[in-house]
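Treat the numbers as computed from the prediction; the structure is a model and nothing was measured. A, B, ... follow the sequence lines: proteins, then strands. Residue 1 opens every chain.
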There are 2 protein chains.
Amino acid sequence: MTESDGRTRRRDATRRKIFEAAVALIAEQGFSGTTVDEIADRAGVAKGTVFYNFASKTALYEELLRYGVGLLAAESRSAIEGLPPREAIAALIGAQLSYIQRYRAFAQLLLAEMWRTNREWQQTILLVREQAISVIVEVLEAGVASGEFPPELDPRISASALFGAGLVVALDWLLFSPERPVEEVQAGLLAVLRTRPSL
Amino acid sequence: MTESDGRTRRRDATRRKIFEAAVALIAEQGFSGTTVDEIADRAGVAKGTVFYNFASKTALYEELLRYGVGLLAAESRSAIEGLPPREAIAALIGAQLSYIQRYRAFAQLLLAEMWRTNREWQQTILLVREQAISVIVEVLEAGVASGEFPPELDPRISASALFGAGLVVALDWLLFSPERPVEEVQAGLLAVLRTRPSL
DNA sequence: AAAACTGAACTGACCGGTCGGTACAGAAAC
DNA sequence: GTTTCTGTACCGACCGGTCAGTTCAGTTTT
């Protein structure tokens, strides 16, 4: 299935251009605040091309959500591979921060949509949410099971807390003091947490 | 200035109805995803009445932001009054949680808009943000100054982390296990934090 | 040749804001 | 106390404009 014939490559490139334009614009203006004409413009592509590559604006959006969160989950999992719980948490935060640094627009978008109710794509959102959180929950559960974290630590609440803290800290960092190195922010974030790694 | 004239009372009631309808709908669907017709409908009021009471959809939205965050800041400040840093943090979290419990729609809305850029109301958002965060920063700074918190604790980063953790935990709580009592969630959240209060 | 893309024209639904008009509480005139 | 008047609050049909999505004949790329 690794098509690398010229046509598919071209098509993939176009899709990605549209994709990135859409993420950036929707993060800035929200879904309904963004027009397909704008997306096409920013992608440097004709409007017809957007609809040639995606069934609808909504379909584009759902695909975009799934893709972005899949990437985050994958990077998180590979970052914690083989690490004991304490180090895993630090690694998780590091991965989250650097991910948001690279795909800041996507993080904004995620934050904006994650707790919305009554949407047609509610189902997609829930799936996406679960994918992002479950990595953290697993690490915390392993840590509690091995006695490394105190048993009173509620894995779901803690995972939400970590996730939320990471998101907000990262976005604030990129918005207000983007010159600070990741490590500094990571350390700052870890300092608030009870679960300190040896680092 | 406490006008309790029949007309003014009626008008205030109408404004509040529109207000509440707008918060709920915008939280669910976003600003551009919500139509003025919907707001009027949910408020049980004619569309013209919305524009009679608010200059524009945007003006309504900005007023709504300022009002909501003002309330949060006020409750936070009164919750920490006279408390030493550690207890103040616990109180802050408690206040934040119970605020979000009452005005969940507003919290969603805040989360969705806070890191958006390129909007006409960017200025309003920044003000609102600062108002919410500064309460936390002050407590943290006082704690570091008095030696109660370690000096390596970065107040701004920590404040963002606390704020983000609180928001996300609260929204998850209300969405997925609203039957749990506040205290339990508060305790769960505090357990993740290094800064434990004596309670 | 065929797949991918272009770009402009078009449609029909929808949406923010307007505006002429109505209802009615309370003041003024009697 | 009743009638008349007045301005505020509210109503809802309507207008001008915007936008998602379609269509399609032509162009470029493979």
Side-chain angles (χ1 to χ4, degrees), chain A residues 1-26 28-65 113 118-121 124, chain B residues 1-26 28-65 113 118-121 124:
Chain A
M1 265 293 148
T2 323
E3 282 307 337
S4 55
D5 105 311
R7 280 194 289 267
T8 3
R9 242 206 315 273
R10 181 149 97 112
R11 198 168 177 184
D12 283 352
T14 305
R15 278 178 67 92
R16 186 159 47 252
K17 278 193 297 182
I18 296 172
F19 225 80
E20 278 160 16
V23 178
L25 285 167
I26 295 179
E28 274 171 19
Q29 312 176 335
F31 176 76
S32 357
T34 302
T35 70
V36 175
D37 287 279
E38 281 176 313
I39 295 174
D41 253 29
R42 163 107 55 136
V45 131
K47 185 180 183 181
T49 311
V50 175
F51 286 100
Y52 183 76
N53 280 282
F54 298 92
S56 67
K57 190 189 175 190
T58 306
L60 163 58
Y61 183 63
E62 284 187 341
E63 204 165 312
L64 173 165
L65 278 179
E113 299 294 337
N118 285 349
R119 298 211 79 78
E120 32 182 333
W121 53 69
T124 307
Chain B
M1 263 291 147
T2 321
E3 281 308 333
S4 53
D5 157 84
R7 281 193 287 266
T8 1
R9 242 208 314 274
R10 187 168 142 98
R11 186 163 184 189
D12 283 353
T14 306
R15 276 180 68 92
R16 186 158 45 252
K17 279 193 297 181
I18 296 172
F19 223 79
E20 277 159 17
V23 179
L25 285 167
I26 295 179
E28 275 171 18
Q29 312 176 335
F31 176 76
S32 359
T34 303
T35 69
V36 176
D37 285 281
E38 281 177 312
I39 296 174
D41 253 29
R42 164 105 56 134
V45 131
K47 188 179 186 176
T49 309
V50 175
F51 288 100
Y52 181 78
N53 281 282
F54 299 92
S56 66
K57 190 188 174 190
T58 306
L60 164 57
Y61 184 61
E62 285 186 339
E63 202 165 312
L64 176 162
L65 278 179
E113 299 295 337
N118 285 350
R119 298 210 79 80
E120 34 183 329
W121 54 69
T124 307

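An OP1 or OP2 oxygen of C:dC5 is reached within less than 4.0 angstrom by a side-chain nitrogen or oxygen of A:Thr14.
Atom CG of B:Asp37 is separated from atom C1' of C:dA13 by 13 Å (rounded to the nearest Å). As a whole-Å value, the separation of A:Ile39 CD1 from C:dC5 C1' is 18 Å. The CD-P distance, from B:Gln29 to C:dC14, rounds to 14 Å in whole Å. With rounding to whole Å, B:Asp12 atom CG is found 10 Å from D:dA9 atom P. Put simply, CG on A:Leu25 is 12 Å from P on D:dA20, counting in whole angstrom units. Rounded to an integer number of Å, the gap from B:Ile18 CD1 to D:dC11 P is 9 Å. Distance OH (A:Tyr61) to C1' (D:dG21): 20 Å, rounded to an integer number of Å.
A donor-acceptor pair under 3.5 Å links the side-chain atoms of A:Thr34 to the main chain of A:Leu25, judged by distance alone. In terms of modelled atom types and a separation under 3.5 Å, the side chain of B:Lys57 and the main chain of B:Thr35 share no donor-acceptor contact.
Residues from residues 45-58 of chain B placing a heavy atom under 4.0 Å of any atom in DNA chain C, listed by number, are B:Lys47, B:Phe51, B:Ser56, B:Lys57.
Between atom NZ of residue A:Lys47 and atom OG1 of residue A:Thr49 there is a gap of 12.0 Å, rounded to the nearest 0.5 Å.
Contact annotation for A:Thr34: backbone-only contact, meaning every heavy-atom pair under 4.0 Å involves sugar-phosphate atoms and none involves a base.
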Checklist line | Derivation and outcome, side-chain contact (heavy atoms from CB on, under 4.5 Å), residues A:Thr124 and A:Tyr61 | finding: CA-CA 10 Å; A:Thr124 307; A:Tyr61 183 63; over 6 Å; no
Report all side-chain donor-acceptor pairs from residues 14-23 of chain B shorter than 3.5 Å, counting only partners two or more places apart or in another chain.
from: B:Thr14; atom 1: OG1; to: B:Arg10; atom 2: O; distance (Å): 3.0
from: B:Arg15; atom 1: NH1; to: B:Asn53; atom 2: O; distance (Å): 2.7
from: B:Arg15; atom 1: NH2; to: B:Glu63; atom 2: OE2; distance (Å): 2.4

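A heavy-atom distance below 4.5 Å is found between the side chains of A:Leu60 and A:Ile39.
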